[in-house]
Amino acid sequence: MGEFINVLVIKHCKEEKAREIIEKKAAASEWGLIPGRCQYKTFNDGVQVLLNDGCCGYEDMPKWLSRKLCCPILLCYIYDGDFWGYDFYENGKEIDIFCTVPDYFDDITKKEAAKLSGNSSIIAKYFNVDEESIKNYLRQWTDAVYEIEDEEKAYEDDGFNIGDAWQMADFMQKIGFPYE
């Protein structure tokens, strides 16, 4: 079995407030939240929450939390160690969505793939980063990615290659909420 990682990046929010809302929701949710097993880390402009193993909710969780906390929430995830992506919401509305392997479960149309292609200008604006420093991460992987013999990275200083689900950590580093 691969790795399933879910990390919430909650902008403009204090850890105490995020913890309070997450703990209240845990008792009533089907997401598998176990508050004592979530790990919180405070940053200058928000908080990061590594959700417990077995917790899932993908778009439902950041959508609900962004509405409840009235702030932007980015859920970065690794699915089964095979790919990574994110769901980004503000005040309950989808702002952006990205998935490196959008056709992982089923064939999809070009229109559906485009919807899951992410928008580096949106992420750059919300996280106050240079768009050039993150746009190379928002690349959907094709079979050709896995056939590259030389290790290719989105940026020279990255720790992980394109085609490695842990590229999510490089992306999170660049937006100012490093995964540890």
Side-chain angles (χ1 to χ4, degrees), residues 1-13 15 18 38-51 53 55 58-59 61-62 66 71-90 94-105 108 110-180:
M1 182 173 192
E3 297 168 297
F4 291 87
I5 309 291
N6 293 287
V7 183
L8 294 169
V9 174
I10 307 171
K11 293 281 290 180
H12 317 304
C13 184
E15 179 179 327
C38 294
Q39 298 174 30
Y40 294 78
K41 182 168 183 181
T42 298
F43 290 86
N44 287 338
D45 196 22
V47 63
Q48 178 187 94
V49 185
L50 174 60
L51 300 172
D53 286 342
C55 181
Y58 296 101
E59 68 275 355
M61 185 181 299
S66 72
C71 59
I73 297 183
L74 179 75
L75 172 69
C76 294
Y77 63 86
I78 292 177
Y79 186 88
D80 204 16
D82 293 335
F83 65 91
W84 76 276
Y86 64 73
D87 292 293
F88 189 37
Y89 285 82
E90 183 175 27
E94 181 181 293
I95 301 298
D96 193 29
I97 188 167
F98 173 69
C99 182
T100 55
V101 186
D103 59 354
Y104 184 83
F105 297 103
I108 61 172
K110 287 183 180 183
K111 184 177 179 180
E112 291 168 322
K115 182 183 186 311
L116 298 168
S117 65
N119 186 321
S120 57
S121 65
I122 289 173
I123 298 299
K125 176 184 150 200
Y126 274 87
F127 289 88
N128 301 316
V129 297
D130 178 19
E131 184 178 358
E132 292 298 316
S133 73
I134 60 166
K135 73 177 188 175
N136 292 348
Y137 295 120
L138 305 188
R139 172 180 172 185
Q140 293 177 335
W141 303 341
T142 62
D143 290 339
V145 166
Y146 302 106
E147 295 169 6
I148 297 171
E149 289 186 25
D150 295 328
E151 295 180 351
E152 183 181 349
K153 296 181 177 178
Y155 297 93
E156 262 184 50
D157 60 341
D158 284 347
F160 301 95
N161 299 325
I162 295 170
D164 183 338
W166 281 100
Q167 184 186 43
M168 176 192 81
D170 292 328
F171 171 77
M172 292 180 70
Q173 176 77 33
K174 293 282 175 72
I175 63 168
F177 288 81
Y179 176 88
E180 295 179 7

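Residues: numbered from 1 along the sequence shown.
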Suppose we screen for side-chain contact (heavy atoms from CB on, under 4.5 Å). Which residues come up paired with Glu112, at least two apart in sequence or across chains? Ile108, Thr109
Without swapping roles, check the side chain of Asp164 against the backbone of Asn161 for a donor-acceptor pair under 3.5 Å. no
So, for Ala154 and Asn136, which heavy atoms are closest and what is the spacing to 0.1 Å? O-ND2, 3.1 Å
If you compare all heavy atoms of Gly159 against all heavy atoms of Asp170, which two are closest, and at what distance to 0.1 Å? N-OD1, 3.0 Å
Side chain to side chain donor-acceptor pair (under 3.5 Å) partners for Thr42, two or more places apart: Glu15
Taking all non-hydrogen atoms of both residues into account, name the closest pair between Asn6 and Cys55 and its distance. ND2-O, 2.9 Å
Applying side-chain contact (heavy atoms from CB on, under 4.5 Å), can you list everything that pairs with Ser120, at least two apart in sequence or on another chain? Glu131, Ile134, Lys135, Leu138
Donor-acceptor list for residues 171-180 side chains, cut-off 3.5 Å, not counting sequence neighbours:
from   : atom 1 : to     : atom 2 : distance (Å)
Lys174 : NZ     : Tyr137 : OH     : 3.2
Lys174 : NZ     : Asp157 : OD1    : 3.3
Glu180 : OE1    : Lys41  : NZ     : 3.2
Glu180 : OE2    : Lys41  : NZ     : 2.5

Donor-acceptor pair, Asp96 side chain versus Ile122 backbone, under 3.5 Å? no
Give a yes or no on whether the backbone of Gly2 and the side-chain of Asp80 come within a donor-acceptor separation of less than 3.5 Å. yes
Plane angle bin for Phe88 and Phe127 - parallel if under 30°, tilted between 30 and 60°, otherwise perpendicular: tilted
Can you list everything that forms a salt bridge (Lys or Arg N to Asp or Glu O under 4.0 Å) with Asp45? Sequence neighbours excluded, please. Lys11
Looking at OH of Tyr126 and SG of Cys71, how far apart are the two atoms once the value is rounded to the nearest 0.5 Å? 11.0 Å
Nearest-0.5 Å distance, CH2 of residue Trp141 to SG of residue Cys99: 9.0 Å
Describe, in one word, how the ring planes of Tyr79 and Phe105 are oriented to each other, choosing from parallel (under 30°), tilted (30 to 60°) and perpendicular (over 60°). perpendicular
Could you pull out all residues at least two apart from Gln167 that satisfy side chain to side chain donor-acceptor pair (under 3.5 Å)? Trp84
Which atoms form the tightest heavy-atom contact between Tyr89 and Ser66, and what is the distance? CB-OG, 3.4 Å
Across all chains, not counting sequence neighbours, the side chain to side chain donor-acceptor pair (under 3.5 Å) partners of Gln140 are none
Could you give me the CA-CA distance, side-chain angles and deciding distance for Trp166 and Ile5, then say whether side chain to side chain contact (heavy atoms under 4.5 Å, CB included) is met? CA-CA 10 Å; Trp166 281 100; Ile5 309 291; 4.0 Å; yes
Pairing residues for Lys115 by the side-chain contact (heavy atoms from CB on, under 4.5 Å) criterion, not counting sequence neighbours: Glu94, Ile97
Which heavy-atom pair separates Pro102 from Leu116 by the least distance, and what is that distance? CB-CD1, 3.6 Å
Pairwise distance CZ(Arg139) to CD1(Ile162) - rounded to 0.5 angstrom: 4.0 Å
Asp53 meets the side-chain contact (heavy atoms from CB on, under 4.5 Å) criterion, sequence neighbours left out, with none
Can you name the residues that form a side chain to side chain donor-acceptor pair (under 3.5 Å) with Tyr40, not counting sequence neighbours? none
Write down the atom of Tyr86, the atom of Asn119, and the distance for their closest heavy-atom approach. OH-N, 3.7 Å
